[in-house]
Amino acid sequence: MAKTLFEKIWDRHVVKTIEGGPAVLYIDKHLIHEVTSPQAFAGLNKRGIKVFRPQQVVATADHNVPTLNQHLPIKEELSRLQVEALKKNCAEHGIELYGLGHPFQGIVHVIGPELGFTQPGMTIVCGDSHTSTHGAFGSIAFGIGTSEVEMVMATQCLLQSKPKLMRINIDGELKAGVVSKDIVLYILAQISASGATGYAVEFAGSAIRALSMEGRMTICNMSIEMGARCGMIAPDQTTFDYMEGRKFAPQGEEWNKKLAYWKTLVSDEAAVFDKEYHFKAADIEPMITYGTNPGMGIGVSGHVPALNEIDEKEKPSFEKSLEYMGLQPGAAIKGKKVDYVFIGSCTNSRIEDLRMVASFVKGKQKAGHVEVWVVPGSKQVEKQAIEEGIDKIFEAAGFQLRQPGCSACLGMNEDKIPAGKYCISTSNRNFEGRQGPNARTFLASPLTAALAAITGEVGDVREHYN
Amino acid sequence: MSKSINRITSTAVPVNIENVDTDQIIPARFLKATSRDGFGKNLFRDWRYENDDEAKPKAGFPLNDARFKGNILVAAKNFGCGSSREHAAWAIKDAGFDVVVSSFFADIFKNNALNNFLLPVTVSDAFLQEIFVAIENDPNSEFQVDLPSQTISIAATGASEQFDINPYKKTCLLNGYDDIDFLLSITEDIKKFEAQNA
């Protein structure tokens, strides 16, 4: 029987199925961090049991860490205690920890792939919704709550109901200045922030195939913003080239064996999806969000919807959103002044993102009133950026290159956007208060963010490519 | 925390807002705790208070309105989207709710709720509107959520609707069973699976 990519992986991981209920799904890899794991460890300790397969777990500290002076103790007491608890728990349960100061430390969804921990055909979970990122390698990867973290620690399994299947095809060539972040913001604007709830989504089509692994990760990362259980892309030569030689990637004969299997991980031609969308890459322009959920996006040359373009039922939410953002219905977004630029997060903090920004800003200066933070996704990305001289380009432009962590994506650590200020951000969520109480977020690509850093306002990068 | 759910009759607190994300339910700056307790006081923190100041409750927000009480929370569609933080379910439960009613729940939130004996009840858009109208007409309006028969009803009008729940999860909620207890009971099956797939 013809199978989708999702089904091929799912079927191989079902330990057993409960009559009329969910499946017991085996989990290959478990990533943990300081925020969503302490209560799970406490649960195990209360039961007097140890982590079942510690060698299948990797830990890092990312959400709660400062991005300056990481060599010093964390100033904020509760953050420090949480990071210390992770250290203690990992030591007690025999889990490898890439904590602060370790050369592999970084955002959990950046380090998994760069270490080769993330591999095609696997089931991967983490107590973080952006675990969908790892699906870019052709794996089933999804975020879980802390009770589920405890289940995976205790048994390496989860009870899961099989989601419905959706395929989103993007075909054709992207215009100059349009990048993978714009693709995913475009899809979100088309299908909404709940458009894929209940589905596992496979991204396909020639525009997806043409993307680098970094670009693919950006798309799968934000599949959760559509509500998807997970996002995935079939592995291909781009995937294999990226993986070969990475620390935990298979070596020698084992590599060849795995490679042969990975090449079977595609949706069969006759496979059936419950829902399918087709979009044209050429229709996509640089995107930006104007509202308070990631589905509220428009092309940068467009305008905020006018009231008569909004469904009567949606009006209260729409108006609440615009009031929060300080924007008027029908207003143009281009030319809107910004106060902060944040380039980072598990969506866009990889070396390719930093290179993209560096090549755009080289020889230019940031606008005087703008504060620009560039936060690499990991120590390895930071090291690479320094080796390539990207740090010098940022320094000359007046950008701050900070140390790895989740930073201003989530208003949890020291990096927050002040109330009322506008931040153009390469992160994934523009929710109210996400970057700090009353902070206002415009989500955009690293290129659109870089342009705003230079001009101090929202602009259209395509004008700089003609 | 009550570790089972059966029949609940209560008034309800309406939060008639769509796409309520878990950052609103519990902002990230409150996720620094290492225990599961005490999140209730920060439920909807930034919608509840002006400038993060407990001395300045926002008048319009239902949780600050003495007319609304009870252990049923009613919200508009796509409730619990965004972050996977289970702290959102903990905060709602800790604030005294046993049931959340909406026309549409985000996946991860729904699982987190079920794992904490917080019952997510999905109703049709039309029925959800009937509930909001009933509360608006009379904040003392009572609702009955009956898990064994999977029905929710509005006392004032007698209207009722059936809701779906996975039969396995229903058994867990009725009896206070945890997924983890079940998974630990099948460790031998898991080991066998590992050996076959090594």
Side-chain angles (χ1 to χ4, degrees), chain A residues 12 15-16 18 20-22 24 26 35-36 38-39 42-43 49 52 63-64 76 78-79 81-82 85 127-129 131 142-148 150-151 154-159 161 163 193-194 197-198 224-225 227 229 293 314 316-317 320 410-412 419 429 431-434 437-438, chain B residues 16-19 21-24 27-36 45-47 51-52 76-78 81-90 104-109 111-116 125 166-172 178-180 182-184 186-187 189-190 192-194 197:
Chain A
R12 277 180 75 121
V15 176
K16 66 191 288 180
I18 301 170
V24 176
Y26 190 80
V35 179
T36 58
Q39 294 88 349
I49 54 177
F52 183 58
H63 284 63
N64 233 335
E76 227 265 336
L78 289 174
S79 298
L81 290 176
Q82 215 173 40
D128 187 281
S129 61
T131 308
F142 54 94
I144 56 178
T146 299
S147 295
E148 293 170 312
E150 187 180 335
M151 291 172 209
T155 66
Q156 208 58 37
C157 286
L158 277 177
L159 289 165
S161 298
S194 58
T197 302
I224 180 65
E225 310 313 334
R229 192 68 183 135
N293 78 57
E314 317 259 320
S317 299
K320 182 178 189 297
L410 84 164
M412 173 163 202
R429 288 185 176 140
F431 297 152
E432 285 184 33
R434 174 76 180 182
N438 291 313
Chain B
N16 195 354
I17 301 170
E18 290 182 357
N19 300 311
D21 60 78
T22 53
D23 274 82
Q24 307 317 315
R29 62 186 188 279
F30 299 110
L31 309 187
K32 295 175 195 251
T34 51
S35 81
R36 289 170 177 245
R45 177 83 187 190
D46 292 334
W47 282 351
N51 302 323
D52 208 11
K77 76 168 184 204
N78 199 24
C81 58
S83 159
S84 62
R85 60 188 70 164
E86 191 165 315
H87 312 66
W90 297 338
F104 196 88
F105 288 96
D107 265 352
I108 305 178
F109 175 81
N111 280 342
N112 288 340
L114 288 166
N115 284 330
N116 287 282
D125 282 322
N166 181 299
Y168 163 80
K169 270 295 169 193
K170 181 174 169 178
T171 308
C172 288
D178 276 337
D179 280 5
I180 192 161
F182 172 77
L183 287 170
L184 284 168
I186 60 159
T187 310
D189 291 322
I190 297 168
K192 209 183 297 167
F193 175 89
E194 285 180 323
N197 290 276

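Per chain, numbering begins at 1; letters A, B, ... match sequence-line order. Note: hydrogens, waters and symmetry copies are ignored here, and every other heavy atom, side chains too, is used.
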Measuring heavy-atom distances to chain B, does [X] have an atom under 4.5 Å in its side chain, in its backbone, in both, or in neither?
{"X": "A/Ser79", "answer": "both"}
{"X": "A/Ile49", "answer": "side chain"}
{"X": "A/Phe52", "answer": "side chain"}

Over all heavy atoms of both residues, which pair between [X] and [Y] is shortest? Give the atoms and the distance, please.
{"X": "A/Gly127", "Y": "B/Ser84", "answer": "C-OG, 3.6 Å"}
{"X": "A/Cys157", "Y": "B/Leu183", "answer": "O-CD1, 3.5 Å"}
{"X": "B/Arg29", "Y": "A/Pro437", "answer": "NH1-CG, 3.6 Å"}
{"X": "B/Ala28", "Y": "A/Gly411", "answer": "CB-O, 4.2 Å"}
{"X": "A/Arg229", "Y": "B/Ile108", "answer": "NH1-CG1, 3.3 Å"}
{"X": "A/Ser194", "Y": "B/Phe104", "answer": "CB-CE2, 3.8 Å"}

Is any side-chain heavy atom of [Y] closer than 4.5 Å to one of [X]?
{"X": "B/Leu31", "Y": "A/His63", "result": "no"}
{"X": "A/Thr36", "Y": "B/His87", "result": "yes"}
{"X": "B/Lys169", "Y": "A/Pro22", "result": "no"}
{"X": "A/Val24", "Y": "B/Asp189", "result": "no"}

Quick one: what part of [X] sits under 4.5 Å from any heavy atom of chain A, side chain, backbone, both or neither?
{"X": "B/Asp52", "result": "neither"}
{"X": "B/Ser83", "result": "both"}
{"X": "B/Pro27", "result": "neither"}
{"X": "B/Asn16", "result": "neither"}
{"X": "B/Phe30", "result": "neither"}

If I take atom [atom1] from residue [X] and atom [atom2] from residue [Y], how far apart are they, to the nearest 0.5 angstrom?
{"X": "B/Asp107", "Y": "A/Ser161", "atom1": "CG", "atom2": "OG", "result": "9.5 Å"}
{"X": "B/Arg85", "Y": "A/Asp128", "atom1": "CZ", "atom2": "CG", "result": "9.5 Å"}
{"X": "B/Ile180", "Y": "A/Leu159", "atom1": "CD1", "atom2": "CG", "result": "10.5 Å"}
{"X": "A/Thr197", "Y": "B/Lys77", "atom1": "OG1", "atom2": "NZ", "result": "10.5 Å"}
{"X": "A/Gln156", "Y": "B/Ile190", "atom1": "CD", "atom2": "CD1", "result": "9.0 Å"}
{"X": "B/Asp178", "Y": "A/Ser147", "atom1": "CG", "atom2": "OG", "result": "7.5 Å"}

Identify which of [options] forms the greatest number of heavy-atom pairs closer than 4.5 Å to chain B.
{"options": "A/Gly43, A/Ala193, A/Gly198, A/Ala42", "answer": "A/Gly198"}
{"options": "A/Thr131, A/Leu81, A/Ile224, A/Ile144", "answer": "A/Ile144"}
{"options": "A/Arg12, A/Glu225, A/Arg434", "answer": "A/Arg434"}
{"options": "A/Ile18, A/Asn293, A/Leu410", "answer": "A/Ile18"}

request  = Identify which of B/Ile186, B/Asn197, B/Thr187 forms the greatest number of heavy-atom pairs closer than 4.5 Å to chain A.
outcome  =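 Maximum pair count with chain A is reached by B/Ile186.
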Under 3.5 Å, is there a donor-acceptor pair between the side chain of [X] and the main chain of [Y]?
{"X": "B/Lys32", "Y": "A/Met412", "answer": "yes"}
{"X": "A/Gln82", "Y": "B/Ala33", "answer": "yes"}
{"X": "B/Glu18", "Y": "A/Glu314", "answer": "no"}
{"X": "B/Gln24", "Y": "A/Glu432", "answer": "yes"}

inquiry  = Is there a side-chain contact (heavy atoms from CB on, under 4.5 Å) between B/Glu194 and A/Tyr26? Walk through the geometry before answering.
reply    = CA-CA 9 Å; B/Glu194 285 180 323; A/Tyr26 190 80; 2.4 Å; yes
